[in-house]
Each structure stands twice: as structure tokens, then as C-alpha cells.
Amino acid sequence: MPELPEVEFARRCWERWANGRRVTGVTATVSRVLRPATPRALQAVRGARFVQFERRGKNLLLTARSGHGKVGLWSHLGMTGKWVRRPVGELPRFARASFTLNDGQALHYCDMRLFGRLQVVPQARFAEVPELAALGPDPLVDGIDLRRLADRLGSLRLPIKVALLDQRLIAGVGNIQASEALHRAGIDPRRPARSLSRAEVARLAAGIRRSLAATLARFDRAVGPDGDIAYVEEPGTPNFFAVYDQAGARCPRCRKGVVTRLVQAGRSTFFCPRCQH
DNA sequence: ACCCGTGTTCGCTG
DNA sequence: TCAGCGAACACGGG
């Protein structure tokens, strides 16, 4: 589930759930989610109060403060990660790490496929983590610098859809948002990145911003302010995307083309051949 | 049984 | 040297 909108939604949930609360207990099971894989490292946040809730691309950056100073928690949801709040004593399925708070609730990191990551960052020095430093600008936090984006794209032979998945270019766009943004911009996903004109790059940036904002607004509406799960997708949830996973459907933009699926760099792409050029 | 999957990294190849 | 690709990771659902 997690691209930028899902992670931003998780960030807002965390803020609501944990702001000013103290961690009274930490438990975790050994798994590749933890870096290092030892549950012991997570004990650094025990006794600390969560005070800051940030996001960079698909990364959640939580800061807790204790008498000893700050501790950072770096969370990446991978493919199937989600944060869940439950009263103490209830353990949700696939819980890999749990933080008990001083309000009788516990926050659980659940991840079926274990592609996510949870790591303590000493002193909350997120900027010194190489993987985070390598991220490109976050469209919501930093905005998109058109000139810089055009320059970067200008040197890439890759299909534009594949280029958009590179987190060093723009942080937070994933497989769904890449298809959705290109559809909004009316750009064929197969075009070499370097072939985009200045005007098309501008349209693409607008498409990215609008697609992210529209998806985020859906979550707010669907889950509401008091939800206990920072999630998006549950079985039976209707697909509200314009093209993603809509192969065979009529294009909602031009109302004439048929949404088509193709595979690029091993990932599904969806687009309308009639209005994306 | 078989294929697919909202992410990232690693190793091979040309 | 490096862009580009497929595989791998792990597990459930259609």
C-alpha cells in the first residue's frame, strides 16, 4: 500500500496517536524488518516521549525525547507495512514490533511480507542516514523545482514511467502514482525521459502534485480522524484510481480510449493510449 | 497450480 | 564504467 499519500496518512495518525505520549514498553520479534535484526536495539525509545513526526518520501521519521536526549525511529512500510493502534493486550496479525504508550494503547508495526524497515537512529540524526540523504525532493514538503527536474530528466534515456520510480529524482512517487500522474499530464509512459519538453515537465509536476493530493484526500475521507489503522487497502475497497489497475475500462479523461496495461522494468504500467502522447 | 503484487537492493550483462 | 534488467526477499489472494 505505501506510497507518499499512505505514508503521509500514517504520519498524521502517528501524530494524533502519540504526540507527547511516553513509551512504557517495547516488544519485537526477530525479523529482517529490524535493522539490525535484534529487537534489543528498539529498547532505546523506552521511556521517551514522542515529540516530532516527519516524512520524507515514503519514509516516516519519528523523534522521541527522553532525559538522555533524542532518539529517532526510521520507518519504511515496504510493500505491505502498516501502523495499527490497539488497546494494550490486543495483538494484530503480522505485528513485528509494538510500542506501548502511557495512555493504555499500543502502536504496532504490522508487515506481512517483511519488506519494510524499522531502525533506531541515534540522536534523531536523520540527515546522516545515507539512504535518506540520497532522496530527491519531497513533492509536498519541498515542492518540485521544475528547472532541476527538467535537467535531471534531460540526461535519462529511461522511459519516463521508470524514471519516476527513482527516489533520487522525486521522493515518494511509486508504481501507482507514476501511472496516475502521467495520465493526468497526458504523457505516454513509454517516452524516453529526455524527450519531454519543458512544458511537459511542468504538466508532469502538476500531475504528480494533483494525484498525490487527490489520493491523500481519499484516505482522509475514507478513514476519518479517529481511525485506529493507518491503512488504505482492505479487501473490498473500491479502486478509485483513474487508470491504475483499470485495464479494459474506459478512460475517464477522454471517455473514448481503453485503459491498457503494459510491463516496464518488471512493473505494471496503466495508461490510455488515446490521450497520452 | 499459477500468476500477481502500492518497494528496494543486488548481481549479472552488454 | 554504467545503464538497464531480472531475481530475490516473503506471503496471501484471485
Side-chain angles (χ1 to χ4, degrees), chain A residues 1-11 29-35 37 55-60 74-83 92-96 109-119 129-136 138-139 152-183 189-194 208 211-212 214-216 218-219 222-223 229-248 261-271:
Chain A
M1 39 146 47
E3 294 185 31
L4 188 152
E6 290 85 346
V7 181
E8 173 60 19
F9 188 72
R11 189 198 70 74
T29 56
V30 176
S31 80
R32 43 178 282 120
V33 163
L34 305 179
R35 316 283 173 91
R55 181 190 54 73
R56 285 283 300 185
K58 303 171 190 171
N59 298 274
L60 200 51
W74 170 25
S75 161
H76 191 297
L77 303 180
M79 197 90 119
T80 53
K82 62 180 76 170
W83 284 98
R93 210 147 118 85
F94 303 118
R96 311 296 184 178
Y109 178 63
C110 306
D111 191 349
M112 179 184 77
R113 287 173 74 183
L114 299 175
F115 292 167
R117 163 198 289 262
L118 193 57
Q119 184 171 332
V129 175
E131 289 94 329
L132 298 175
L135 293 174
D138 182 290
R152 301 285 308 269
L153 291 177
S155 65
L156 297 175
R157 243 177 289 259
L158 286 173
I160 183 61
K161 153 65 162 49
V162 178
L164 283 177
L165 299 181
D166 186 339
Q167 302 298 297
R168 293 169 302 183
L169 200 64
I170 294 179
V173 176
N175 203 41
I176 292 178
Q177 297 297 325
S179 281
E180 293 291 302
L182 285 165
H183 178 253
R190 297 166 294 189
R191 295 259 307 276
R194 62 197 294 177
I208 291 169
S211 177
L212 294 173
T215 305
L216 186 52
R218 277 303 171 135
F219 299 154
V223 182
I229 305 179
Y231 69 90
V232 183
E233 146 264 344
E234 283 291 296
T237 304
N239 177 355
F240 51 75
F241 296 110
V243 290
Y244 183 80
D245 203 18
Q246 301 281 20
R261 173 184 184 268
L262 52 89
V263 175
Q264 297 179 286
R267 317 288 309 273
S268 289
T269 299
F270 299 88
F271 77 115

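Letters A, B, ... are given to chains in the order of the sequence lines, protein chains preceding strands, and every chain is numbered from 1. Scope of the values below: all heavy atoms of this structure, side chains included, with no hydrogens, waters or symmetry mates.
In this model, the phosphate group of B:dT8 is not approached by any side-chain N or O of A:Arg117 to a distance below 4.0 Å at OP1 or OP2. Note on A:Lys58: every side-chain N or O is 4.0 Å or more away from OP1 and OP2 of B:dT6. Between A:His76 and B:dG7 there is no side-chain polar atom (N or O) within less than 4.0 angstrom of OP1 or OP2.
Atoms CD (A:Glu3) and C1' (B:dG7) sit 9 Å apart, rounded to a whole Å. In this structure, A:Glu6 atom CD and B:dG5 atom C1' are separated by 14 Å, rounded to whole Å. With rounding to whole Å, A:Arg267 atom CZ is found 8 Å from B:dT6 atom C1'. Atom pair A:Asp111:CG and C:dG12:P shows a separation of 12 Å (rounding to whole Å applied). The CG-C1' distance, from A:Leu212 to B:dT6, rounds to 13 Å in whole Å. Going from atom CD of A:Gln264 over to atom P of B:dG5 covers 13 Å, rounded to whole Å. A:Leu165 has its CG atom 9 Å from the P atom of B:dT8, to the nearest Å. Distance, A:Tyr244 OH to B:dG7 C1': 12 Å, rounded to whole Å.
B:dC10 sits 15 Å from C:dA10 when the P atoms are compared, rounded to a whole Å. Comparing the same atom, P, in C:dT1 and in B:dT9 gives a spacing of 22 Å after rounding to whole Å. If you take atom P in B:dC3 and the same atom in C:dA7, they sit 12 Å apart, rounded to whole Å. A distance of about 16 Å separates the P atoms of C:dG14 and B:dT6, rounded to the whole Å.
A:Arg113 places no side-chain N or O within 3.5 Å of a backbone atom of A:Met79 that could act as its donor or acceptor partner. When atom types are taken as modelled, the side chain of A:Asp111 and the backbone of A:Gly116 share a donor-acceptor pair closer than 3.5 angstrom. Within the 3.5 Å criterion, the main-chain N or O of A:Pro5 finds no donor-acceptor partner in the side chain of A:Gln177. Using modelled atom types, one side-chain atom of A:Asn59 and one backbone atom of A:Arg56 make a donor-acceptor pair closer than 3.5 Å. In this structure, the side chain of A:Glu3 engages the main chain of A:Asn175 through a donor-acceptor pair within 3.5 Å.
The nucleotide whose nearest atom lies closest to any side-chain atom of A:Arg157 is, among B:dT8, C:dG4, B:dT6, C:dG4. Nearest nucleotide to the A:Ser268 side chain, out of B:dT6, B:dG5, C:dG12: B:dG5.
No engagement by A:Gln177 is indicated, since no non-hydrogen atom pair under 4.0 Å with the nucleic acid exists.
The pair A:Arg117-A:Glu131 counts as a salt bridge, with a side-chain nitrogen and a carboxylate oxygen less than 4.0 angstrom apart. Electrostatic pairing of A:Arg55 and A:Asp138 counts as a salt bridge here, judged by a charged N lying under 4.0 Å from a carboxylate O.
Both the sub-6.0 Å distance and the 45° axial angle are not jointly satisfied by A:Arg96 relative to the ring of A:Tyr109.
With a 3.5 Å limit on both pairing distances and Watson-Crick or G-U wobble geometry required, the stems of 3 or more pairs in DNA chain B span B:2-5 with C:11-14, B:7-14 with C:2-9.
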Dump every N/O contact between nucleotides 9-11 of chain C and the protein below 3.5 Å, one line per pair.
residue: C:dA10; atom: O4'; partner: A:Arg113; partner atom: O; Å: 3.2
residue: C:dA10; atom: N1; partner: A:Arg113; partner atom: NE; Å: 3.1
residue: C:dA10; atom: N1; partner: A:Arg113; partner atom: NH2; Å: 2.5
residue: C:dA10; atom: N3; partner: A:Arg113; partner atom: NE; Å: 2.9

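For A:Ser268, the side-chain hydrogen bond (donor to acceptor under 3.5 Å, both in side chains) partners at least two apart in sequence or on another chain are A:Arg261.
Within 6.0 Å of CZ on A:Arg35 lie more than 12 heavy atoms contributed by other residues, nucleotides or ligands.
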